Amino acid sequence: TDNATIAVDPVTIQTMGVRVGEVTEGPLKRSIRTVGVVDFNETALTDVTAKFKGWIEKLFVDATGRVVKKGEPLFATYSPDVYNSELEFASLTRSGNTALAKTTLERLSLLGVATSELEKLKTEAQPSRTITLFSPADGVVIEKTAVEGMMFEPGMNLYRLADLSIVWLKAQIYEQDMPFVQLGQEAVAGIDSFPDQKFFGRVTYVYPTLDPKTRTAQVRMEFHNPGLLLKPGMFAKVELEAQISPSVTLVPESAVLRSGDRATVFVALDGGKFDPREVILGQRDSSARYQVLSGLTPGEKVATSAQFMFDSVSQLRETIQKMLNP
């Protein structure tokens with residue numbers, strides 16, 4: 001047996017609770033933890049405007065925060081332009097001038113009059129003093145300027161709707177972590193209001209600029225939002241995991257004894273023997289293991305506790321050796 005090998009009797013192993021771990025082979029992963037803010041999905045915002053001048057006679061969706069479905073009535077309006085075109089259509093239909101009547105109907109369609117309103121006009125050939133404007137999309141009303149009795153001009157923003165079924169989460173990533181962030185990477189978020197729940201999303205965009213003060217770059221993630229639990233403005237803790245290498249040799253961090261630049265592990269041999277071995281380590285992964293660049297092979301067993309005792313014994317032995325063989 002090598003002079004450096006330490007033999008420990010089974011009783012001592014048991015009383016000291018010497019634990020042994022395994023050197024494994026697997027992917028080297030790194031976790032990036034940060035905080036982010038929930039934001040609206042900008043691609044799912046809809047502004048409700050009208051292409052004609054009119055007056056709001058009856059408001060059906062009357063408050064911000066209301067959830068609306070596509071095709072739901074928003075308000076009833078009187079518009080002289082629309083009413084006059086309807087009168088014109090009715091008159092042309094009665095006189096049998098179908099070509100001109102069709103043109104008038106197309107004009108009404110281009111003004112944004114709903115298909116259901118046009119069908120009613122065609123069937124009854126009777127103009128309606130007010131028409132209804134319907135929601136163009138599913139969403140939550142986040143802005144509302146529409147008030148009963150108000151006059152609006154063409155193009156005026158009457159409502160802003162946000163579809164919150166998918167939300168954005170914007171987070172800051174430190175410069176040194178940027179190489180480990182990739183598009184499509186899975187992101188896991190947690191919020192204080194729902195401590196037992198995890199939300200899963202993906203990295204969809206890495207902003208091209210770096211904040212010179214904080215040395216961070218902004219990363220945007222997209223999250224599905226069942227039950228609309230994630231609300232814009234909320235803070236969230238985010239974790240991204242990057243795979244640095246698909247297959248490396250890994251040793252538990254608790255097995256490594258560091259002394260200056262040296263790293264030593266005690267390899268467990270048969271019959272309660274432990275062999276001190278110097279290793280060269282690479283990066284630490286997110287599950288408290290080190291990449292081993294040299295010194296160990298997968299499958300070997302290493303002591304994950306009592307290394308200080310082993311180290312003292314081996315140092316004492318080394319000192320005695322030096323004294324005996326000066």
Side-chain angles (χ1 to χ4, degrees), residues 39-168 204-205 220 222 224-226 228 231-232:
D39 202 352
F40 294 108
N41 171 3
E42 284 171 23
T43 62
L45 293 176
T46 307
D47 282 343
V48 179
T49 59
K51 296 187 177 95
F52 50 80
K53 179 179 172 176
W55 281 260
I56 295 175
E57 300 246 321
K58 178 101 182 83
L59 212 57
F60 304 120
V61 173
D62 54 3
T64 51
R66 269 281 302 272
V67 178
V68 291
K69 292 264 168 258
K70 185 177 180 175
E72 189 178 323
L74 295 173
F75 59 87
T77 174
Y78 163 68
S79 164
D81 294 348
V82 173
Y83 188 58
N84 288 337
S85 293
E86 286 191 343
L87 284 171
E88 193 183 307
F89 173 80
S91 164
L92 290 165
T93 306
R94 277 196 295 274
S95 65
N97 195 336
T98 49
L100 272 176
K102 192 182 172 201
T103 307
T104 309
L105 207 62
E106 277 170 9
R107 186 165 72 235
L108 283 165
S109 178
L110 289 170
L111 282 172
V113 177
T115 312
S116 55
E117 298 277 354
L118 298 178
E119 288 301 326
K120 194 167 124 189
L121 177 66
K122 275 195 320 199
T123 313
E124 298 171 9
Q126 186 66 42
S128 170
R129 203 184 79 80
T130 62
I131 59 158
T132 303
L133 249 74
F134 300 92
S135 174
D138 290 349
V140 176
V141 178
I142 58 168
E143 287 172 27
K144 178 188 85 76
T145 50
V147 178
E148 214 158 274
M150 77 177 267
M151 187 201 87
F152 57 85
E153 294 288 347
M156 188 173 161
N157 197 2
L158 300 167
Y159 294 92
R160 175 168 276 194
L161 308 176
D163 183 354
L164 295 179
S165 62
I166 288 177
V167 289
W168 284 356
T204 51
Y205 190 65
R220 188 173 78 214
E222 208 167 83
H224 282 278
N225 190 16
L228 308 186
K231 295 177 176 19

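Keep in mind the model is a prediction, meaning the values are calculated, not measured. Note: hydrogens, waters and symmetry copies are ignored here, and every other heavy atom, side chains too, is used. Numbers here simply count residues along the sequence, with the first being 1.
- Not a single donor-acceptor pair under 3.5 Å links the side chain of T130 to the backbone N or O of Y78.
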Report all side-chain donor-acceptor pairs from residues 138-152 shorter than 3.5 Å, counting only partners two or more places apart or in another chain.
{"from": "D138", "atom 1": "OD1", "to": "K70", "atom 2": "N", "distance (Å)": "2.6"}
{"from": "K144", "atom 1": "NZ", "to": "A146", "atom 2": "O", "distance (Å)": "2.6"}
{"from": "T145", "atom 1": "OG1", "to": "N157", "atom 2": "O", "distance (Å)": "2.5"}
{"from": "T145", "atom 1": "OG1", "to": "L158", "atom 2": "O", "distance (Å)": "3.3"}
{"from": "E148", "atom 1": "OE1", "to": "L59", "atom 2": "N", "distance (Å)": "2.8"}

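- Among residues at least two apart or in separate chains, salt bridge (Lys or Arg N to Asp or Glu O under 4.0 Å) pairs with a member in residues 115-131 are E57-R129, E119-K122.
- In this structure, F60 has no ring-ring contact (aromatic ring centres under 6.0 Å, His included) partners at least two apart in sequence or on a different chain.
- Although no hydrogens or angles enter the test, the distance criterion places a donor-acceptor pair under 3.5 Å between the side chain of E86 and the main chain of S128.
- Pairs engaging residues 151-162 under the salt bridge (Lys or Arg N to Asp or Glu O under 4.0 Å) rule: D47-R160 [sequence neighbours left out].
- Here the side chain of S109 pairs no donor or acceptor atom with the backbone of L105 at under 3.5 angstrom.
- Between L164 and V167, the shortest heavy-atom distance links the atoms O-CG1, 3.8 Å.
- Summarising the geometry of V61 relative to P73, their closest heavy-atom pair is CG2-O, 3.7 Å, with the distance given to 0.1 Å.
- Not one N or O on the side chain of T46 forms a donor-acceptor pair closer than 3.5 Å with the backbone of L161.
- By the side chain to side chain contact (heavy atoms under 4.5 Å, CB included) test, S85 pairs with T104, R107, L108, sequence neighbours left out.
- Annotation: the span from R220 atom CZ to T204 atom OG1 amounts to 4.5 Å, rounded to 0.5 Å.
- In terms of modelled atom types and a separation under 3.5 Å, the side chain of Y159 and the main chain of T64 share no donor-acceptor contact.
- Contact annotation: the side chain of W55 never approaches that of S79 to less than 4.5 Å [non-hydrogen atoms, C-beta and beyond].
- Across all non-hydrogen atoms, the minimal contact from L228 to S165 is CD2-N, 4.1 Å.
- Residues satisfying the side chain to side chain contact (heavy atoms under 4.5 Å, CB included) test with N84, not counting sequence neighbours, are L87.
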